[in-house]
Amino acid sequence: MTMTMGHHSPLGGQLGVERAKRAAYNRDAVLSASPARLLTMLYDRLLLDLQRAEVAQDIQDWAGASEQLLHAQDILTELTSSLRVDAWDGAEGLMGVYTFATRALIYANTHRDVDSTRVCIQLLEPLRQTWHEAAAQAPESVTASIPTARGTLGVA
């Protein structure tokens, strides 16, 4: 009987190195991003999480769906906490959207309801597009004043 203790596949080691490089690149991209870019990155990741959750729910991968829905809720919490409702007239309405979406995602997760996930995708995708358009049109001096937190939400 032959035992191979401590033997690691060269391919496995290479994959680990590549993952570490990608993680470092993503971390650097987030840390160096303007506030407007961070906001669009958060929305991009939010919609990616929701799309992944929808797929997982469709195939009844409830653990996978839950993971994606919980991460989406974390992003909504971040967006909610960084929203200054006193800064502009539309902020109260946007806060209402975030509150509704958060509740819908909790329901989607606890009741395994893909329709609630889909409602959130339909609600938030136009906002994602709008933020991208606004960020592209705003001068850097304006985008630098958009408040965002720099958490660990995997936005890249």
Side-chain angles (χ1 to χ4, degrees), residues 16 18-156:
E18 291 301 319
R19 282 189 193 117
K21 285 181 183 178
R22 186 175 43 234
Y25 174 81
N26 288 341
R27 183 187 66 245
D28 291 345
V30 169
L31 293 176
S32 64
S34 70
R37 178 69 183 125
L38 283 173
L39 182 63
T40 59
M41 290 168 77
L42 281 170
Y43 265 92
D44 289 346
R45 181 56 195 259
L46 174 60
L47 270 298
L48 178 63
D49 288 344
L50 294 177
Q51 291 160 354
R52 288 175 174 171
E54 179 185 27
V55 169
Q57 287 173 313
D58 282 339
I59 63 171
Q60 298 184 356
D61 174 10
W62 305 120
S66 180
E67 181 180 341
Q68 297 301 316
L69 291 168
L70 290 171
H71 193 260
Q73 290 171 51
D74 288 344
I75 293 173
L76 284 168
T77 299
E78 183 70 26
L79 291 169
T80 299
S81 69
S82 64
L83 182 61
R84 294 185 4 221
V85 292
D86 60 340
W88 56 287
D89 291 342
E92 290 280 343
L94 188 56
M95 183 67 76
V97 170
Y98 292 161
T99 300
F100 173 85
T102 299
R103 289 180 181 156
L105 294 181
I106 292 168
Y107 185 88
N109 201 6
T110 58
H111 291 86
R112 297 180 173 178
D113 182 42
V114 69
D115 290 333
S116 292
T117 303
R118 290 182 179 132
V119 164
C120 289
I121 291 170
Q122 293 170 352
L123 178 67
L124 296 169
E125 177 58 30
L127 285 174
R128 185 190 75 79
Q129 293 173 5
T130 300
W131 281 118
H132 272 278
E133 291 168 10
Q137 294 175 6
E140 190 59 35
S141 61
V142 172
T143 59
S145 67
I146 298 173
T148 58
R150 296 178 187 259
T152 57
L153 294 175
V155 296

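Residues take their numbers from the sequence shown, with the count starting at 1.
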Considering the options Val119, Leu50, Asp113, Thr110, which one meets the side chain to side chain contact (heavy atoms under 4.5 Å, CB included) requirement together with Leu105?
Leu50
Tell me, with the steps shown, if Asp115 and Tyr107 meet side-chain contact (heavy atoms from CB on, under 4.5 Å).
CA-CA 10 Å; Asp115 290 333; Tyr107 185 88; over 6 Å; no
Would you give the length of the straight line joining atom CG of Asp49 to atom CG of Asp74, rounded to the nearest 0.5 angstrom?
9.0 Å
If only atom types and distance count, is the side chain of Thr77 paired as donor or acceptor with the main-chain N or O of Gln73 below 3.5 Å?
yes
Asp61 versus Val55: any side-chain heavy-atom pair under 4.5 Å?
no
Ignoring hydrogens, what is the shortest heavy-atom contact between Ala104 and Ser116? Give both atom names and the distance.
O-CB, 3.6 Å
Counting C-beta onward and ignoring hydrogens, is there a side-chain heavy-atom pair between Thr130 and Tyr43 closer than 4.5 Å?
no
Spacing of Thr117 atom OG1 and Leu69 atom CG [to the nearest 0.5 Å]
4.5 Å
Distance in Å, Glu67 CD paired with Arg52 CZ, rounded so as to fall on 0.5 Å steps
9.0 Å
Nearest 0.5 angstrom please: Cys120 SG to Leu76 CG, how far?
7.5 Å
Starting at OG1 of Thr80, measure out to CE of Met95 and round the result to the nearest 0.5 Å.
5.5 Å
Around Asp89, counting heavy atoms of other residues, nucleotides and ligands shown, do more than 12 lie under 6.0 Å from its CG?
no
Could you go through Leu79 and Leu39, starting from their C-alpha distance and side-chain angles, then the distance that decides it, and tell me whether this counts as side-chain contact (heavy atoms from CB on, under 4.5 Å)?
CA-CA 8 Å; Leu79 291 169; Leu39 182 63; 3.5 Å; yes
Ala108 and Gln57: which non-hydrogen atoms are nearest, and at how many Å?
O-NE2, 3.4 Å
To the nearest 0.5 Å, what is the distance between CG on Asp86 and CD on Glu92?
9.5 Å
To check you understand the geometry: which heavy-atom pair defines the closest contact between Leu46 and Ile75, and what is its length?
N-CD1, 3.7 Å
Salt bridge (Lys or Arg N to Asp or Glu O under 4.0 Å) between Arg118 and Asp58: does it pass, once the steps are laid out?
CA-CA 11 Å; Arg118 290 182 179 132; Asp58 282 339; 2.8 Å; yes
Verify side-chain hydrogen bond (donor to acceptor under 3.5 Å, both in side chains) between Gln129 and Glu125, making sure each step is shown before the conclusion.
CA-CA 6 Å; Gln129 293 173 5; Glu125 177 58 30; 2.9 Å; yes
